[in-house]
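Below is one structure, written out as structure tokens; comments come after it.
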Amino acid sequence: MATSKGKATAGKKAAGKKSAVSKGRVSSARERLVAVKPSGGKEDSFFDLVHEVARQIPKGRVTSYGAIGAALGTRSSARMVGWAMNTCHLSLQPVPAHRVVNSLGLLTGRHHFNPPEKMQLLLEKEGIKVKDNKVVDFKKLFWDPSQEL
DNA sequence: CGCTTGACTGGTA
DNA sequence: TTACCAGCCAAGC
């Protein structure tokens, strides 16, 4: 799948804005995500980054919060990923949050959907079987962003 | 300005 | 085996 190099000259930093990314901890994956972003990397906040990764999840596949965090270089910040998903609905573009589950394959975030059963419904619609709030063959359907990106 | 919570994860008891 | 604890970073009160 010829991945467009893009090679966006991401050298410009939104100076003045001190919101998020104040430590300056950037990872290579971040540049990659910026490259695939339709906006061309206009937004570089951790939240939007998480949203972007979620959008890269192929239909019929799922991933975990920790996997996304690991792809961004913040493996231990799985919580932040979940927190970011909380604002995913605020994103200008749709985010398939239903494809993001925890490491156990449990639909822990379904309670944030409207209605809650929507998450399972969307997954089943894509061919993913969900039993007892858990993704069937989760290990098989697991999509690793750090591996695919 | 500081403490609590939160869609997580992995390790220890 | 399951249950609890500590780490992580950001937003809300």
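In the text below, chain A, chain B and the rest are named by the order of the sequence lines, each starting its count at 1.
- Between the side chain of A/Asn102 and the backbone N or O of A/Gly105, at least one donor-acceptor pair lies under 3.5 Å.
- Atom pair A/Arg110:CZ and B/dG6:P shows a separation of 17 Å (rounding to whole Å applied).
- Atom C1' of nucleotide C/dG12 and atom CG of A/Leu90 are separated by 14 Å, given to the nearest angstrom.
- Residue A/Leu104 contributes atom CG, which lies 13 Å from atom C1' of C/dT2 at whole-angstrom precision.
- Listed candidates were C/dA11, B/dT9, B/dA7. Nearest to the side chain of A/Ala78 is B/dT9.
- C/dC5 and B/dT4 have their P atoms separated by 16 Å, given to the nearest Å.
- A/Ala97 comes within contact range of at least one nucleobase, with a heavy-atom separation under 4.0 Å.
- Side-chain N/O atoms of A/Ser77 include none lying less than 4.0 angstrom from OP1 or OP2 on C/dC9.
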Between A/Glu126 and A/His98, is a side-chain hydrogen bond (donor to acceptor under 3.5 Å, both in side chains) present by the stated rule, with each step listed?
-> CA-CA 11 Å; A/Glu126 296 184 355; A/His98 61 278; 3.0 Å; yes
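- When rounded to the nearest whole Å, the span between NE2 of A/His112 and C1' of C/dA11 equals 14 Å.
- With A/His89 contributing its side chain and A/Asn86 its backbone, the two residues share a donor-acceptor pair below 3.5 Å.
- Among the protein residues, A/Asn86 comes within range of the nucleic acid bases, having at least one heavy atom under 4.0 Å from a base atom.
- Distance from the side chain of A/Cys88 is smallest to B/dA7 among C/dC8, B/dA7, C/dA11.
- Annotation: of the two residues near DNA chain B, A/Ser64 and A/Met80, the 5′-most nearest-nucleotide partner is A/Met80.
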